[in-house]
Protein chains: 2
Amino acid sequence: MTAGPAEDTRTRLLQTALRLFTEHGVEGTSLQMIADALGITKAAVYYHFKTKAEITEAVAEPGVRDLDELVLRAAAQKRRGTQVDLLLEGFVDLVIRHRALVALFSSDPGLVRAIEKSAHGGMEGFGQALLGILSGPDPTPAARVNAMVALTGIAMAGGSPDLARLSDDVLRTELLDVGRRLLGRPRRRTPTAVSTL
Amino acid sequence: MTAGPAEDTRTRLLQTALRLFTEHGVEGTSLQMIADALGITKAAVYYHFKTKAEITEAVAEPGVRDLDELVLRAAAQKRRGTQVDLLLEGFVDLVIRHRALVALFSSDPGLVRAIEKSAHGGMEGFGQALLGILSGPDPTPAARVNAMVALTGIAMAGGSPDLARLSDDVLRTELLDVGRRLLGRPRRRTPTAVSTL
DNA sequence: GTCTATATTAAGATAGAC
DNA sequence: GTCTATCTTAATATAGAC
């Protein structure tokens, strides 16, 4: 992560790719479109990334990293209530921090498949882990549906263009509130200082 | 709509296309993949549909139709409480009826774009209409977030492979319950009869 | 670091035989 | 109704000049 002039195009490239991915989907975005948006040629794009898959992974990486970390931290808690609270607050924070990305994650089959092939057990692993913690051991159908609606709803709402005008603070407050209601957690005014990550 | 042997392949084709769309996304599904899955050639596929867009539209059509009808029925109600109740119940029914399709709708950029170009004002029109009714006139941020989480969460949960094993009845009951809670509507379910997967 | 030019593959789509 | 064969276009990707 040396911040030099050499990284400038790379950074712009990833930002542009994310934007195009959210507009057209991963599979619907060609390297030509990315190159055009940057005012360079396809060949120049290939100087920075060997394959399109590499671009996709690099775009998703920050979100995957944070999510991975969050799941580990939550799983390390002893009491289930603490696990759920930490996971919910951390997930909302993550959604706010990576608004566009998370919406892509929860929806775009192209992104999900790309991640699948790269690092860990893919998105499924994360989904199962999150749902497992949120719905608890031996969950009722109600608990499973609640957890699923909470997770996907928070992710989609966070990335929704319809709510893009809401400030981070307002959106975070409301998403937390919704999540607590769905998961049967006590509602609080100020979120406990669970993390700064 | 003459039900003859001529329509058999067409029907199988649409079922197969929907399945592949949910697995790989619309843009990630080629006519070759559809043809292979059916054991025919691309050319045979083209006998039934002139373009890929036509296939996409035909796959989405039942859902679009039902959604359109639902919005019209809801908007025709006078009292807002009635509008919300009707919309919520209708939407959950729709999700149950078209499980896989609705998840595609709320996520796949390829599908959304395809619909965009075809008939009405596209998905945006529906989204705005649904959210407008559910969040009410001059809504607070809380109301907007609640409506968004309810809609997207219900849609995603309905199409989720993780919940595919839940029966229609159980899933409908739970989705309705979640929706009522999020939208501040009275809950009408039988208190303890949650069980039996 | 970016270019031009090109190789390769697969996509959507059509023509015409059976 | 399905086939073989083919067209056209656009995608990923590479080679080599500047």
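Reckoned from all heavy atoms, side chains included, excluding hydrogens, waters and symmetry mates. Quick note on labels: first sequence line is chain A, next is B, and so on, each numbered from 1.
Between the CD1 atom of A:Ile34 and the C1' atom of D:dA10 there is a distance of 15 Å, rounded to whole Å. With rounding to whole Å, B:Leu38 atom CG is found 14 Å from D:dG1 atom P. Regarding B:Ile40, its CD1 atom lies at a distance of 6 Å from the P atom of D:dT2, rounded to whole Å. Across the protein-nucleic acid pair, B:Glu54 atom CD and C:dG12 atom P stand 14 Å apart, rounded to whole Å. Rounding to whole angstrom units, NE2 of residue B:His48 and P of D:dG1 are separated by 6 Å. For the pair B:Phe49 CZ and D:dG1 C1', the interatomic distance rounds to 14 Å; values are reported in whole Å. One can place CD of A:Gln32 at 13 Å from C1' of D:dA13, the figure rounded to the nearest angstrom.
Taking Ile, Leu, Val, Met, Phe, Trp and Tyr as members and joining any whose side-chain heavy atoms lie under 4.5 Å apart, directly or through other members, the hydrophobic cluster of A:Met156 also contains B:Met156.
Legend: residues meeting salt bridge (charged side-chain N to carboxylate O under 4.0 Å, His left out) with A:Glu174, ordered by chain and number and at least two apart, are absent. The side-chain hydrogen bond (donor to acceptor under 3.5 Å, both in side chains) search around B:Arg80 returns none, not counting sequence neighbours. Considering only residues two or more places apart in sequence or on other chains, A:Glu54 meets the side-chain contact (heavy atoms from CB on, under 4.5 Å) condition with A:Phe49, A:Lys50, A:Thr51.
Annotation: of the two residues near DNA chain C, B:Glu27 and A:Ala44, the 5′-most nearest-nucleotide partner is A:Ala44.
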* Structure fact -> In B/S/- notation (B base, S sugar-phosphate only, - none; protein heavy atoms under 4.0 Å), nucleotides 13-18 of chain C written 5' to 3' is BBB---
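Nearest nucleotide to the A:Ser30 side chain, out of C:dT2, D:dT12, D:dT2: D:dT12.
Applying the salt bridge (Lys or Arg N to Asp or Glu O under 4.0 Å) test to residues at least two apart or on different chains, the pairs with a partner in residues 19-45 of chain B are B:Arg19-B:Glu23, B:Glu27-B:Arg113.
Comment: A:Arg181 engages A:Asp177 in a salt bridge, judged by a side-chain N to carboxylate O separation of less than 4.0 angstrom. The residues A:Arg172 and A:Asp169 are annotated as salt-bridged, a charged nitrogen and a carboxylate oxygen being separated by less than 4.0 angstrom.
Residue B:Thr41 is classed as a base contact, given a heavy-atom separation below 4.0 Å to a base.
For C:dG1, the OP1/OP2 oxygens have a side-chain nitrogen or oxygen of A:Tyr47 closer than 4.0 Å.
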